[in-house]
Amino acid sequence: MSTTRPSELEKAFDPSRFEDRWYAHWIALGVFTARPASSRPPFSMVIPPPNVTGRLHMGHALNNTLQDILARWRRMKGDDVLWLPGTDHAGIATQMVVDRELAREGTSRQTLGREAFVARVWTWKEEYGGAIIAQLKRLGCSCDWTRERFTMEPALSRAVREVFVRLYEDGLIYRDKFIVNWCPRCRTAISDLEVIPHETQGHLYTIAYPYSEGGGAIEVATTRPETMLGDTGVAVHPEDERYRDKVGRTVILPLVGRRLPIVADAFVDRAFGTGAVKITPAHDANDYAAAQRTGLPVLVVMDEEARMNDNVPAPYRGLDRFEARRRVVEDLKAAGALRSVKDHVHNVGRCQRCQTVVEPYLSTQWFVRVRPLADAAVQAVADGRVRFTPPHWVNSYNEWMSKIHDWCISRQLWWGHQIPAWYCDACGHVTVARDTPAQCAACGTAAPWQDPDVLDTWFSSALWPFSTLGWPESTPELRRYYPGTVLLTAFDILFFWVARMVMMGLRFMGDVPFRRVYITGLVRDAEGQKMSKTRGNVVDPLELIARHGADAVRFTMAAMTTPGGADLPLSEERMAGYRAFANKIWNAARFVLMNLGEAGAAPRPPAVPARDALTLPDRWILSRLARLAADADAALSEFRFDEMANALYQFLWHEYCDWYLEMAKPHLAAQAAPADAARTRSVLLHVLERVLRLLHPVMPFLTEELWQRLPHEGESIALAPYPAPEEARRDDEAERRVALLMEVVGKIRNVRAELNIDPGRRLPLRYHASDDEAARTLAGARAVLITLARLEDAQEASGLDGLGPAARAVAAGVDLAVPLAGVLDVGSERRRLEREIEKLSREREGHARKLGNADFIGKARPEVVEKVRAIHRELDEKANRLRRTLVSLEGTGDASP
RNA sequence: AGGCGCGUAGCUCAGGGGGAGAGCGCUACCUUGACACGGUAGAAGUCAGCGGUUCAAAUCCGCUCGCGCCUACCA
């Protein structure tokens, strides 16, 4: 970095000129690198690992901005921050990407074979997989890139295997034949969470199954008539009078001719449909369970792509399930077995990834027995080892945990952690081991074959908080940074990820993976619609960064984050507003630099004098700064990103720029005393330098660029301390007196605007202060008053009668008059005063009512009563003074046109 | 079917027993040597509705009405 500081900034702020440069600077300095050997308190977070195939979307922009704010804030506060980044291998998504690539080349995964395919995926990952990492850097994320992790790298794969083996040995992982959610397009099992229910207009078909011995038929209802080909029974409720005598008899399955027993099982809802249910054990989870209970046989009638297999009559073999449905319905109709077809709205589960209708399918899979893990995870939240913000998410968490089913973790994919189980053809033994076994653990036969399936990507993500720190080794990092301080993510992966990390952390580390979970809402479009490719309303954060700068994007995310965790409707207008804010700061700094004089060349900021040597505005802005420093820090401590952002916005724009800079101007003018100017510069610089530091966690690039141009100590603002509030600078008197000054200026500006007086015209001011503090304030700030209100002079008078035509106003303890001989329109002035009196009276009314209520006087807290009295007194007194003015105005009509 | 959340200015949202707030937008005026990505002044609200508690309710409680979201094996 250059050590020279150009004294003048470009007129407009242009983030593209410096963002990349400062990011490189931070990396070169090692600002983001955690120091496990440091004696500072650790602060740690793991990034929610984005898919290695992923591109940065607004959700990433939101939660990584918030994490970065915390990381930079804690780092400046002196913590040893570890923000650990990385990506996950995204089994299905990545396999699909490479599948497509192969298809374009006219080949396929099957042609290549497994080993070559996996090698090909790695090649793809090396070439394209890191895109999102570069995008996070564009956002300014201060992750420790020296510790970047990937779920498929050897160390993390080892952790996955270790966990699998231990859970298996503890009986918490088992292999079983069960109905799973099967995606016929992805040709793999998926977990309950990956099935998205879609409300769908379908049909309820009622079909007659004739009794074998004749004498009518039993009617059953179904939404999936093609499954009848796999029926092995009919069930009724054991206490259903209608069917009591039918249990034990048999019916003939239409189109197939198979004889099906009628069984009794309490799962049947007597009120639904006909009260009799066809049982298709291999293609429905409830039916499978019922079949297990009643001993009905199980018949699989579809293949892995959901085409009817050879277990169905010849005409249906090879048909896709939906084609089979049409044919079955047609044939049933022709056979006279179809009794009715009714419109029926029901939920159809679709594959989260490809939208294909999920088929409940009987297959052999690996499962995690989650009940014991879930119970422990619920307990950890109940006793406060993990705290949620906002807290209402605990309800959802608990409810999900209480209804949880075993987790199907095997996937019929090639890209992922292959399941460490080996089968022996000789004796049938299953060997589950950390290392590839040379022989069967039971019979010693050589070379058992490994299960071809891989594990759910979320299985490895669940280990992320400790696998990334070196587990199962007890590394210094693991001992120092586990559990994490905070985990920050959106609510949509609360169950997928957060809940599972808590379970695994408790199981394998004996403690929760993080103390605090901060859950954000989802970023939506400006109309509040969820962003999706199909809607075409996806906003690319990188384009926003290009248009407004990373700092404006980040500030928007922070300012829009609500404490209730509500969704964020993204408004580009608002973002443009925050870019304007960045420009405002840029120009405030520009002003300061332009007025620096030789102080600009000093290596460090000049010291600010003690209170006695300061002007009222100096004392005021320093007091406001002290308050801001305390408020911003407190806000971040409570995850109130919005409050922190708004406090900074308010201070910088409306206090520092609107008032302090303006009040400083007369002190910097050529004719001002050198000492006066020097003191003013010291305050200007001091406040700016500190507020840049307070702002740095949200707007890292802009603050670095400006800070480097000011006199400063250190190599980066990212390494500068977060300013502690300077309690000694708190100054209630200065705040009170400047408030009066602002009120007086406001009144005069109001007079000017409402009486349509040329903004450039300098006005005379006469005032009468009825209390000593007000008199001292106005006299002491005469130059300021003249500048801010554009006056020609400001003179105190013992009374304001006899001035002739003058616009009049009142502030707290001060009467104001702007003599306007020859200009004042008495009619306008009268109307203006009447409006003002009216406003004051309306405000006064509510207070008067309270004071007239004996119960209020008697029961309200005394300080409240006193406050209401004071307000009432002030409003009353102001209104009275204006009324007297109004009366005196009646005598002066000379300037009326 | 259960659960959670939300209805405050035109829009997006803070606030949460004691003078209704912010940003953007809107109106009028203004290129004043930091900034027109700017300045000054202003208009704008039955705090969804009804009832209750309280001296006092936008705020606490109950009900109603709207709107979201999550969970669930209704064939």
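Residue numbers start from 1 in every chain, and the chains themselves are labelled A, B, ... in the order their sequence lines are given, proteins ahead of strands. Keep in mind the model is a prediction, meaning the values are calculated, not measured.
Separating the P atom of B:rC61 from that of B:rU53 is a span of 16 Å, rounded to the nearest Å. Distance check on atom P: B:rG52 versus B:rA20 gives 23 Å, rounded to whole Å. One C1' atom belongs to B:rG45, the other to B:rC73, and the distance between them is 49 Å to the nearest Å. Separation of the P atoms belonging to B:rA48 and B:rA41 is 31 Å when rounded to the nearest angstrom. B:rU40 and B:rA22 are spaced 14 Å apart, taking the P atom of each and rounding to whole Å. Rounded to whole Å, the separation between the P atoms of B:rG23 and B:rC6 comes to 24 Å. Between the C1' atoms of B:rC30 and B:rC67, the separation comes to 44 Å (whole Å). Between the P atoms of B:rG62 and B:rG5, the separation comes to 12 Å (whole Å).
Counting non-hydrogen atoms under 4.0 angstrom, A:Y649 reaches the backbone sugars and phosphates but no base. Counting non-hydrogen atoms under 4.0 angstrom, A:T223 reaches the backbone sugars and phosphates but no base. In this structure, A:T562 reaches the sugar-phosphate backbone alone: every heavy-atom distance under 4.0 Å involves primed, P, OP1 or OP2 atoms, never a base. Base engagement by A:R579 is indicated by at least one non-hydrogen atom pair under 4.0 Å involving a base atom. As judged by a 4.0 angstrom heavy-atom cut-off over every strand, A:R752 is placed among residues making no nucleic acid contact. Across all strands, A:A580 comes closer than 4.0 Å to base atoms (heavy-atom distances). Base engagement by A:D269 is indicated by at least one non-hydrogen atom pair under 4.0 Å involving a base atom. Nucleic acid contact for A:I279: none, since no nucleic acid atom lies under 4.0 Å from a heavy atom of the residue. Backbone-only contact: A:H654 has heavy atoms under 4.0 Å from sugar-phosphate atoms and none from a base. Using a 4.0 Å heavy-atom criterion, one finds that A:R640 contacts the sugar-phosphate atoms exclusively. Looking at heavy-atom distances under 4.0 Å, A:V864 makes contact with a base. In this structure, A:L661 reaches the bases: a heavy-atom distance under 4.0 Å links it to at least one base atom across the strands shown. Counting non-hydrogen atoms under 4.0 angstrom, A:N286 reaches a base of the nucleic acid. Looking at heavy-atom distances under 4.0 Å, A:A285 makes no contact with the nucleic acid at all.
The distance between atom NZ of A:K859 and atom P of B:rG18, rounded to the nearest whole Å, is 19 Å. Whole-Å rounding puts the A:D492 CG to B:rC70 P distance at 9 Å. For the pair A:E399 CD and B:rC69 C1', the computed distance is 13 Å after rounding to whole Å. Between the NE2 atom of A:H237 and the P atom of B:rC73 there is a distance of 20 Å, rounded to whole Å.
Among the nucleotides B:rA72, B:rA34, B:rC69, the one closest to the side chain of A:R590 is B:rA34. The listed nucleotides are B:rC69, B:rC55, B:rA75; the one nearest the side chain of A:F491 is B:rC69. Here the side chain of A:I871 is nearest to one of B:rU40, B:rG19, B:rU32, namely B:rG19. For A:N583, the side-chain atoms get nearest to B:rC37 when compared with the rest of B:rU40, B:rA34, B:rC37. Listed nucleotides B:rC73, B:rA14, B:rG23 differ in distance to A:R574; the shortest reach to its side chain belongs to B:rG23. When distances are taken from the side chain of A:K850 to each of B:rU12, B:rA75, B:rG18, the shortest belongs to B:rG18. Listed candidates were B:rC4, B:rC29, B:rG19. Nearest to the side chain of A:P759 is B:rC29. Of the candidate nucleotides B:rA41, B:rA43, B:rG18, B:rA41 has the atom lying nearest to any side-chain atom of A:E754. Residue A:M594 has its side chain nearest to B:rA34 when only B:rA34, B:rC55, B:rA36 are considered. Set against B:rU71, B:rG39, B:rA75, the side chain of A:K403 has B:rU71 as its closest nucleotide.
Between the side chain of A:K665 and the base of B:rA34 there is at least one donor-acceptor pair of N/O atoms closer than 3.5 Å. For a distance-only test at 3.5 Å, the side chain of A:E843 fails to qualify as a donor-acceptor partner of the base of B:rA20. A donor and an acceptor atom sit less than 3.5 Å apart, one in the side chain of A:K584 and one in the base of B:rC35.
Pair assignment for B:rC4: B:rG68, on the basis of Watson-Crick or G-U wobble contacts that are both within less than 3.5 Å. Figure legend. B:rU59 is base-paired to no nucleotide; pairs are counted as Watson-Crick or G-U wobble with both atom distances under 3.5 Å. Base pairing of B:rC13: its partner is B:rG21, meeting the Watson-Crick or G-U wobble criterion (both donor-acceptor distances under 3.5 Å). With a cut-off of 3.5 Å on both Watson-Crick or G-U wobble distances, the partner of B:rG38 is given as B:rC30. Pair check for B:rC73 finds none; no Watson-Crick or G-U wobble contact set falls under 3.5 Å. Of the nucleotides present, none pairs with B:rG45 by Watson-Crick or G-U wobble criteria with both distances under 3.5 Å.
The CG atom of A:L652 sits 7.5 Å away from the CG atom of A:L628 when rounded to the nearest 0.5 Å. Taken to the nearest 0.5 Å, the CG atom of A:D551 stands 7.0 Å off from the CZ atom of A:R554.
In plain terms, the two heavy atoms of A:D231 and A:T227 that are nearest each other are OD1-O, 3.3 Å. The shortest heavy-atom contact between A:V236 and A:A276 is CG1-CB, 3.9 Å. Nearest heavy-atom pair, A:P563 versus A:D642, reported as atom, atom and distance to 0.1 Å: CD-OD2, 3.7 Å.
Separation of the A:F388 and A:W393 ring centroids does not fall under the 6.0 Å cut-off.
Along RNA chain B, the nucleotide nearest A:D192 and the nucleotide nearest A:H346 are compared for position; the residue whose nucleotide lies closer to the 5' end is A:D192. Comparing A:V268 and A:G564, the nucleotide of RNA chain B nearest to each residue sits closer to the 5' end for A:G564.
When the side-chain nitrogen and oxygen atoms of A:K530 are compared with OP1 and OP2 of B:rG68, none of them lie within a distance under 4.0 Å. The side chain of A:W653 places an N or O atom within less than 4.0 Å of a non-bridging phosphate oxygen (OP1 or OP2) of B:rG39. A close approach under 4.0 Å does not occur between any side-chain nitrogen or oxygen of A:N756 and OP1 or OP2 of B:rC29. Phosphate proximity of B:rC6 to A:H392: absent, as no side-chain N or O sits under 4.0 Å from OP1 or OP2. Note on A:K11: a side-chain N or O is less than 4.0 Å away from OP1 or OP2 of B:rC35.
Remark: A:E705 engages A:R709 in a salt bridge, criterion side-chain N to carboxylate O under 4.0 Å. Between A:R762 and A:E792 there is no salt bridge, since no side-chain N of the basic residue sits under 4.0 Å from a carboxylate O of the acidic one.
A cation-pi contact, defined as under 6.0 Å to the ring centre and within 45° of the axis, links A:K665 to A:F591.
In this pair, A:F272 and A:H344 present their aromatic rings perpendicular. The plane angle is above 60°, beyond the 30 to 60° band.
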